[in-house]
Colleague: 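Take a look at this one; I'll ask things after.
Sequence positions, counted from 1, serve as the residue numbers for this chain.
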Amino acid sequence: MVTSFEAYLDTISVHHVGNQALSEMYALSDHPLVLKDELISSLLKQYFLHPFEKSVEVYHLMHSSGDLALNEVHHFASQIFEDKENFHEASEQIAKHLYKVANHPNIKSGELYVAYFKDVQIEGNLLDAVGIFKSENKETYLKVFPEKGGFAVDYEENAININKLDKGVLIFNIEKENGYKVVVIDTANRGQDAAVYWKDDFLQLKIRNDSYNQTSNVLGIYKNFVTNKADEEFDLTKTDKIDLLNRSMKYFKEKETFDMDEFAGEVISNPKAIESFKTFKNQYEDEFDTRIGDTFEISNNAVKKQARVYKSVLKLDKNFHIYIHGDNKLIEKGFDDEKAMSYYKVFFKEEQ
């Protein structure tokens with residue numbers, strides 16, 4: 001988790017990066033930005049750092065060849081951390097690198113901000129951080145002000161909403177040999193081919209294999225196994241699937257540490273299904289080159305996030321939704337010959 005209460009903005013340079021696929025150019029500033037007062041500095045700090053306070057996924061910079069030295073952002077961030085005198089020149093090289101990789105026609109041009117922060121906290125450590133941010137979406141703002149005994153209205157076009165950061169990354173001066181600790185924001189271009197350029201092409205990130213990631217991966221793999229894979233080998237009803245998902249979520253909410261054998265015995269219980277799940281997990285690890293330990297500390301943040309997508313709802317046509325949170329033996333499925341329709345019978349002690 002990132003907190004910025006004690007952080008302050010030390011230096012910032014601003015450049016403009018166009019889209020070379022559309023024959024747009026980039027424009028580099030000659031020197032760092034001069035901030036005219038503390039209010040501007042405070043607003044910029046809010047714009048850049050506030051969105052990261054909900055970030056729980058930590059990444060590392062990497063390179064597909066395995067040679068971290070070939071990652072451009074890692075190289076230029078290292079130059080800045082080693083000597084602040086390199087800051088502005090490194091910011092220019094970062095802008096050029098972004099221009100080189102941002103060549104999809106759907107990528108929007110915009111301002112690129114490279115900033116140096118002091119005392120940003122991540123996972124309990126106060127650290128210097130290099131921030132790289134891009135503003136792509138502009139808005140129009142109305143201004144109302146007193147004039148001649150009444151009021152007047154004016155507007156400002158192509159302004160930036162400081163509550164909406166389009167793209168950003170914080171690179172913390174720690175774990176350099178692993179690719180630094182990195183947190184990232186990418187809210188623009190979701191669902192488009194152009195969306196991958198920030199994380200994949202510009203930064204080249206890999207997620208850190210910590211307790212958050214391991215918890216999230218196991219829950220995601222198990223959900224995929226129950227909802228998609230298990231049907232191929234076992235005769236499961238929808239209520240069976242919901243029960244299996246509910247039991248897994250209960251396990252993760254009640255335990256502090258994940259143990260694969262314990263989880264398999266308490267949640268899955270069927271020996272054949274246990275072996276099938278372990279095989280499914282191993283295939284995921286091989287496909288994505290991600291190792292998941294048989295034991296690890298459970299991340300409550302990951303459990304909360306996964307709980308939002310774990311379905312415990314039985315949808316019946318467009319008339320009813322049945323939420324199943326407990327014993328699936330208290331709900332029975334049948335078929336009414338007269339109505340030629342299926343039905344569910346639900347048992348309960350009292351109505352609330």
Colleague: Examine the side chains of Thr140 and Glu157 and answer whether a donor and an acceptor come within less than 3.5 Å of each other.
Modeller: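 Not at all, the side chains of Thr140 and Glu157 share no donor-acceptor pair under 3.5 Å.
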Colleague: Ignoring hydrogens and angles, tell me if any N or O in the side chain of Asn19 forms a donor-acceptor pair with the backbone of Ile107 under 3.5 Å.
Modeller: yes
Colleague: Answer yes if the side chains of Thr3 and Glu53 hold a donor-acceptor pair under 3.5 Å, and no otherwise.
Modeller: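 On atom types as modelled, these side chains do not qualify, holding no pair under 3.5 Å.
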Colleague: Between Arg208 and Glu57, does at least one N-O distance fall below 4.0 Å, as a salt bridge requires?
Modeller: no
Colleague: Under 4.0 Å between a side-chain nitrogen and a carboxylate oxygen: does that hold for Asp166 and Lys108?
Modeller: no
Colleague: Of Tyr47, Trp198, Tyr113, Phe48, which is the lone residue that meets ring-ring contact (aromatic ring centres under 6.0 Å, His included) with Phe133?
Modeller: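 One option only clears the test, and that one is Phe48.
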Colleague: Per the side chain to side chain contact (heavy atoms under 4.5 Å, CB included) rule, which among Val73, Leu203, Leu112 passes with Leu98?
Modeller: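 Answer to the side chain to side chain contact (heavy atoms under 4.5 Å, CB included) test with Leu98 among Val73, Leu203, Leu112: Leu112.
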Colleague: Ring-plane angle category for Phe225 and Phe280, please: parallel below 30°, perpendicular beyond 60°, tilted otherwise.
Modeller: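 Because their plane-to-plane angle lies in the 30° to 60° range, the rings of Phe225 and Phe280 count as tilted.
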Colleague: Would you call His74 and Tyr180 a side-chain contact if the rule is heavy atoms closer than 4.5 Å?
Modeller: yes
Colleague: Is there a side-chain contact between Gln306 and Ser248, using heavy atoms and a 4.5 Å cut-off?
Modeller: no
Colleague: Between Gln93 and His97, is any side-chain donor less than 3.5 angstrom from a side-chain acceptor?
Modeller: no
Colleague: Quick one: do Asp286 and Arg291 make a salt bridge, cutoff under 4.0 Å?
Modeller: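 Looking at Asp286 and Arg291, the cut-off is met.
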Colleague: Please state whether the rings of Phe263 and Phe258 are parallel, tilted or perpendicular, taking 30° and 60° as the class boundaries.
Modeller: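 Ring orientation, 0 to 90° scale: tilted.
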Colleague: Starting from the C-alpha separation in whole Å, work towards a yes-or-no answer on side-chain contact (heavy atoms from CB on, under 4.5 Å) for Val120 and Val2.
Modeller: CA-CA 7 Å; Val120 186; Val2 176; 3.9 Å; yes
Colleague: Hey, any chance Leu205 and Ile207 share a hydrophobic cluster, counting ILVMFWY side chains that come within less than 4.5 Å of each other, even indirectly?
Modeller: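 In one cluster with Leu205: Ile207, yes.
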Colleague: State whether a side-chain donor-acceptor pair under 3.5 Å links Tyr284 with Asn217.
Modeller: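 There is such a pair between these side chains.
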Colleague: Between Lys278 and Asp294, does at least one N-O distance fall below 4.0 Å, as a salt bridge requires?
Modeller: no
Colleague: If the threshold is 4.0 Å, N to carboxylate O, is there a salt bridge linking Lys176 and Glu82?
Modeller: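 Result for this pair is yes, salt bridge flagged.
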Colleague: What about Met25 and Phe202, same hydrophobic cluster or not, with Ile/Leu/Val/Met/Phe/Trp/Tyr joined at side-chain heavy-atom distances under 4.5 Å?
Modeller: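 Same cluster: Met25 reaches Phe202 through Ile, Leu, Val, Met, Phe, Trp or Tyr contacts under 4.5 Å.
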Colleague: Can you tell if the side chain of Pro105 reaches within under 4.5 Å of the side chain of Leu22, non-hydrogen atoms only?
Modeller: yes
Colleague: Give a yes or no on whether a salt bridge exists between Glu233 and Lys272, defined as a side-chain N under 4.0 angstrom from a carboxylate O.
Modeller: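 No, Glu233 and Lys272 are not salt-bridged.
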Colleague: Do you see a donor-acceptor pair shorter than 3.5 Å between the side chains of Asp128 and Asn173?
Modeller: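 No pair is found: no donor N or O on one side chain lies under 3.5 Å from an acceptor on the other.
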Colleague: So does Glu297 pair up with Lys255, basic N to acidic O under 4.0 Å?
Modeller: no
Colleague: Say whether Gln204 and Ser64, considering side chains only, have a donor N or O and an acceptor N or O under 3.5 Å apart.
Modeller: no
Colleague: Can you confirm whether or not the ring centre of Tyr155 sits under 6.0 Å from the ring centre of Tyr141?
Modeller: no
Colleague: Look only at the side chain of Ser42 and the backbone of Glu38, and say whether a donor-acceptor pair between them is shorter than 3.5 Å.
Modeller: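 Not a single qualifying donor-acceptor pair exists.
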Colleague: Should Lys143 and Asp154 count as an ion pair when the cut-off is N to O under 4.0 Å?
Modeller: no
Colleague: Between His15 and His88, is the ring centre distance below 6.0 Å?
Modeller: yes
